[in-house]
Amino acid sequence: MTDLTPNSTFLIAGIVFITIAVIGKSKLAFIEINPGFFGRLLALIIGTSSLLYALGLFNFSVGNLDLLRTSLTEQIKQSISSINKLLQGS
C-alpha cells in the first residue's frame, strides 16, 4: 500500500468528493466544510467521474474512441436517411 497509483488516487478522490456531496455542511475539529448547493453538485460530478475513471469505465483508448466515432457517425447517417424518408411520406 505504499505505492500510490493513479487508479487508487482517483478512487480516494472520488470517495472524498462523494462524501462532501452527501454530507454537505459539516465541522470536524478544525476543518469546516460548507460547499453550498453548487459546490455539492460539483463535488458529486467530480466524485462520480473520478470513481468511473478509477474503475476503468471512463478510461478510453484511441482505438476505442475511433470505433465509437465511426459507429456514431453511421448511426446518425442511418437516422437522417430514415427521417428524410418519413418526412417525404414514403
From [X] [atom1] over to [Y] [atom2], what is the distance, rounded to the nearest 0.5 angstrom?
X	Y	atom1	atom2	answer
Glu74	Lys77	CD	NZ	5.0 Å
Ser79	Gln75	OG	CD	7.0 Å
Ile76	Ser81	CD1	OG	12.0 Å

- Nearest atoms (heavy-atom pairs only) where Ile20 meets Ala43: CG2-CB, 4.1 Å

- Message: Is there a path of hydrophobic side-chain contacts, each under 4.5 Å between heavy atoms of I/L/V/M/F/W/Y residues, joining Leu11 to Leu44?
- Response: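 Yes, because Leu44 and Leu11 connect within a single hydrophobic cluster, where side-chain heavy atoms sit under 4.5 Å apart.
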
Determine yes or no for a side-chain-to-main-chain donor-acceptor pair under 3.5 angstrom, with [X] supplying the side chain and [Y] the backbone.
X	Y	value
Arg40	Val22	yes
Thr48	Ile45	no
Ser50	Ile46	yes
Ser26	Ile23	no

- Query: Is any side-chain heavy atom of Leu51 less than 4.5 Å from a side-chain heavy atom of Ile15?
  - Reply: yes

